[in-house]
Number of protein chains: 2
Amino acid sequence: MEQKEFIQSGALVLQQGMPGDYVYKIESGTIDISMRDPDGEEVFLAELGPGEIIGEMAVMLGGRRCASARAHGDVVLSRIPGQELHKRVKRSGAMHAYMMRLIADRAIRNISLFAGLSAEEKASLPKGEGPVLYPKKSYLFRENEPIAHLYVLCSGHVQHFNTTDTGQEITVELHKPGDVFCKSAACLHDGFFSTSTRAIDDAYVIKLPIGQFKEVMRRYETVADRLLFSLARRNMINQYEMEQRATMTAPQILSSFLRRLCYSYGFDPHGFTLPYKKSLVAARLGMETETLSRAWAKLAEYGIIVDGTRITILDEEA
Amino acid sequence: MEQKEFIQSGALVLQQGMPGDYVYKIESGTIDISMRDPDGEEVFLAELGPGEIIGEMAVMLGGRRCASARAHGDVVLSRIPGQELHKRVKRSGAMHAYMMRLIADRAIRNISLFAGLSAEEKASLPKGEGPVLYPKKSYLFRENEPIAHLYVLCSGHVQHFNTTDTGQEITVELHKPGDVFCKSAACLHDGFFSTSTRAIDDAYVIKLPIGQFKEVMRRYETVADRLLFSLARRNMINQYEMEQRATMTAPQILSSFLRRLCYSYGFDPHGFTLPYKKSLVAARLGMETETLSRAWAKLAEYGIIVDGTRITILDEEA
DNA sequence: CGGGGGATTGACCTCGGTCAAGTACGGTGG
DNA sequence: CCACCGTACTTGACCGAGGTCAATCCCCCG
């Protein structure tokens with residue numbers, strides 16, 4: 001059932017953002033795990049060695065790879081198909097518990113906020129509330145509820161939005177697997193959520209109580225540092241988006257969005273598929289689906305070719 | 001020349017945002033200094049006693065009060081007209097140096113980021129670069145320059161903006177006396193400014209080298225805490241503004257802006273004067289002056305009466 | 001008094017929102 | 001296998017808020 005693979009040093013083994021229906025067990029050599037966080041920073045997360053499993057998150061929770069894995073030196077892996085893993089997990093309750101624990105631990109340890117900590121320090125991190133399933137369209141939390149957790153998204157997608165008095169929904173942000181959210185909420189003493197958040201597809205999240213997170217922040221200076229950094233970056237990105245919406249036309253905004261999407265997911269610009277429904281993209285960009293629909297047609301003028309669901313970016317620059 | 005005033009406990013002696021051409025010397029009693037920082041938080045800054053001078057910043061630098069002063073118990077003050085102070089300062093170089101030093105020290109110590117520190121801790125803060133004059137329309141810094149300082153605005157106003165490829169200027173933010181800016185810039189390791197910043201009128205600023213600020217942050221946890229808090233708040237405000245621009249019409253946006261302005265400057269809603277030129281307001285709100293001009297006319301529908309430069313807000317709520 | 005910058009007003013146009021109809025696609029049930 | 005339905009998306013026609021351009025007004029200042 002298991003199939004050996006020999007990987008050259010430096011080769012990409014798993015790519016963040018790609019779907020995946022298999023896991024690898026490391027037979028020999030070491031694998032570097034890294035991720036591009038939503039702010040666009042590439043962050044090194046961990047180094048895994050023989051006996052360890054990689055890629056379990058996408059398989060167990062049914063989503064996409066939420067980090068990239070690269071061979072550090074030559075490596076031998078055995079590839080285990082997703083079905084096989086599911087069978088084993090179903091057979092043994094202990095195995096299931098083990099996998100869930102593994103996923104939860106890794107999700108917490110691998111968030112970019114904690115990237116500056118040593119392996120021992122990471123081991124002492126709080127565990128959080130194991131992968132919790134929020135079915136499609138269910139709410140993680142609503143506006144004006146008290147803030148209790150920091151969330152780590154393991155699989156699926158999540159939408160933040162505000163509801164206006166007229167019942168209109170304004171999408172503020174979309175999150176993809178690997179993202180951490182409610183960071184800024186966590187800094188406001190005894191605050192309340194300013195947005196509602198809903199699962200777009202079935203989403204698994206780890207929930208880390210705010211108190212525990214603050215404890216960690218107090219203990220490790222680098223965590224507070226990274227949080228500051230990430231909030232500051234978010235501010236700049238917000239400014240940038242404001243500017244775009246004020247000055248650009250719909251096709252230009254869409255083009256810019258696709259370029260950033262491609263970059264932040266690590267997609268191949270020479271052809272990738274949109275990971276969201278188009279209506280979601282419209283919401284994210286603050287436009288109507290009709291406007292978006294018309295914008296697709298004009299993308300050629302901005303160096304992007306769309307063929308059905310396939311998107312190709314011709315000229316690549318920031 | 002000096003004129004004694006007897007102030008009842010709790011009375012407002014100086015109000016943030018008001019113009020002022022006199023200073024007070026405290027003869028007896030104590031005065032509480034506080035300010036509303038740009039995020040809308042009321043922050044207690046200091047308690048001053050007999051012999052100390054208040055209100056010197058607006059007078060010496062020719063601007064508006066950048067903090068409020070309230071009598072803490074019954075107080076006797078002697079009021080010194082601005083002209084008198086200017087005469088004394090002109091007469092004596094030492095007096096001039098002393099006033100400038102006083103202003104610089106107070107500006108640094110009184111920023112809300114440092115509000116959690118004790119008097120002794122505040123005394124040990126770095127002094128920063130004394131009040132620097134940036135004449136009307138001169139640049140404090142430009143986009144893509146390396147970030148070297150945190151700025152404290154002592155008098156005048158300052159405009160942050162981006163320039164697009166087409167030469168268009170997008171105003172991101174306006175700052176008023178007492179504001180601290182480049183906070184988020186300061187968190188990005190060796191970053192570059194993402195906006196240009198220009199003095200609207202003659203502006204005096206204190207410049208605190210980033211390195212020194214980071215040093216302070218490392219020493220005092222509360223400073224990092226407050227910075228986090230303020231960045232998180234800014235994020236929420238950005239989101240809110242995004243939402244507004246997406247869903248509201250020009251008069252609604254203007255109305256909401258005026259209400260916030262009134263609140264954050266501490267103006268009297270029953271009649272105040274706009275502290276900026278209208279064209280600046282237009283820039284700030286991301287609209288053309290013509291659109292703004294038309295919006296004024298429709299403000300009555302939203303409970304705001306405009307009579308020349310006089311603005312009255314009828315119904316007050318968040 | 002003339003000049004210049006800011007503000008206002010009017011005429012016009014464009015982008016994108018709105019409404020309505022139509023298409024493509026997948027799933028379900030007979 | 002096809003009829004039916006619901007969802008997502010597309011297309012067309014229309015409209016209105018706000019941008020653009022030009023003329024004018026207002027007020028301060030030299």
Side-chain angles (χ1 to χ4, degrees), chain A residues 136-137 157 159 164 166-171 174 198 200-201 241-258 273-302 306-311, chain B residues 136-137 157 159 164 166-171 174 198-202 241-258 273-302 306-311:
Chain A
K136 191 172 172 172
K137 295 199 178 166
H157 290 89
Q159 177 186 23
T164 63
T166 60
Q168 213 178 346
E169 289 183 359
I170 315 285
T171 298
L174 298 181
R198 187 168 49 196
I200 295 169
D201 28 36
E241 292 216 347
M242 280 273 244
E243 189 187 322
Q244 283 202 335
R245 293 203 191 172
T247 56
M248 291 180 153
T249 64
Q252 284 174 308
I253 292 175
L254 177 57
S255 134
S256 154
F257 172 77
L258 290 175
T273 315
L274 203 63
Y276 312 114
K277 280 189 307 186
K278 289 188 176 177
S279 52
L280 252 180
V281 174
R284 169 65 233 281
L285 299 180
M287 51 179 85
E288 300 299 311
T289 55
E290 294 93 334
T291 306
L292 184 77
S293 186
R294 291 178 235 267
W296 288 109
K298 293 192 189 149
L299 272 184
E301 296 172 28
Y302 300 96
V306 182
D307 174 22
T309 59
R310 196 112 197 108
I311 296 164
Chain B
K136 192 172 170 169
K137 294 199 179 167
H157 290 88
Q159 176 186 25
T164 62
T166 60
Q168 212 178 347
E169 289 183 359
I170 315 286
T171 298
L174 299 180
R198 186 167 51 195
I200 295 169
D201 27 36
D202 285 1
E241 293 216 347
M242 280 273 244
E243 191 186 319
Q244 282 203 336
R245 293 202 191 174
T247 56
M248 290 179 152
T249 65
Q252 284 175 309
I253 293 175
L254 176 58
S255 136
S256 155
F257 172 77
L258 290 175
T273 315
L274 203 63
Y276 311 115
K277 280 189 306 187
K278 289 189 177 179
S279 53
L280 251 181
V281 175
R284 169 66 232 280
L285 299 180
M287 51 180 84
E288 301 299 311
T289 55
E290 293 93 333
T291 307
L292 184 77
S293 186
R294 290 177 236 265
W296 288 109
K298 293 193 189 149
L299 272 185
E301 297 172 27
Y302 300 95
V306 182
D307 173 22
T309 57
R310 196 110 197 110
I311 296 164

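Numbered from 1 within each chain, the chains take letters A, B, ... in sequence-line order. All values reported here derive from a predicted model rather than from experimental measurement.
Looking at residues two or more places apart in sequence or on another chain, you find no ring pair (Phe, Tyr, Trp, His ring centres under 6.0 Å) involving Y302(B). For S279(B), there are no side-chain hydrogen bond (donor to acceptor under 3.5 Å, both in side chains) partners, not counting sequence neighbours. Under the side-chain hydrogen bond (donor to acceptor under 3.5 Å, both in side chains) criterion, T309(A) pairs with no residue, sequence neighbours left out. With sequence neighbours excluded, the residues that form a side-chain hydrogen bond (donor to acceptor under 3.5 Å, both in side chains) with T171(A) are Q159(A). Legend: residues meeting side-chain hydrogen bond (donor to acceptor under 3.5 Å, both in side chains) with E169(A), ordered by chain and number and at least two apart, are R198(A).
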Show me the protein contacts with nucleotides 3-6 of chain C, counting only N or O atoms at under 3.5 Å.
| residue | atom | partner | partner atom | Å |
| --- | --- | --- | --- | --- |
| dG6(C) | OP1 | K277(B) | NZ | 3.2 |

Polar atom pairs (N or O), protein with nucleotides 21-28 of chain D, under 3.5 Å:
| residue | atom | partner | partner atom | Å |
| --- | --- | --- | --- | --- |
| dC21(D) | N4 | E290(B) | OE2 | 3.2 |

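Within a heavy-atom distance below 4.0 Å of DNA chain C, no residue of residues 243-258 of chain B is found.
The side chain of E288(A) has dG17(C) as its nearest neighbour among dT10(D), dG17(C), dT8(C). Closest to the side chain of M287(A), from the set dG17(C), dT10(D), dG19(D), is dG17(C). With dG18(D), dT9(C), dG16(C) as the candidates, the nucleotide lying closest to the side chain of S293(B) is dT9(C).
Screening residues 292-301 of chain B for side chain to side chain donor-acceptor pair (under 3.5 Å), with sequence neighbours left out, gives no hits.
A donor-acceptor contact shorter than 3.5 Å links the side chain of D202(B) to the backbone of K136(B).
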Residues 245-254 of chain B side chain polar contacts: donor-acceptor under 3.5 Å, at least two apart:
| residue | atom | partner | partner atom | Å |
| --- | --- | --- | --- | --- |
| R245(B) | NH2 | R284(B) | O | 2.9 |
| T247(B) | OG1 | E243(B) | O | 2.9 |
| T249(B) | OG1 | Q252(B) | OE1 | 3.2 |
| Q252(B) | OE1 | T249(B) | N | 3.0 |

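As rounded to whole Å, 14 Å separates atom P of dT8(C) from atom NZ of K298(B). When rounded to the nearest whole Å, the span between CG of L280(A) and P of dT7(D) equals 16 Å. Note: CH2 (W296(B)) to P (dA7(C)) measures 10 Å, nearest angstrom. Atom CG of L292(A) is separated from atom P of dC15(C) by 17 Å (rounded to the nearest Å). Rounded to whole angstrom, the span from the CG atom of L285(B) across to the P atom of dG18(D) amounts to 12 Å.
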Derivation and outcome, side chain to side chain contact (heavy atoms under 4.5 Å, CB included), residues L258(A) and V281(A): CA-CA 10 Å; L258(A) 290 175; V281(A) 174; 5.9 Å; no

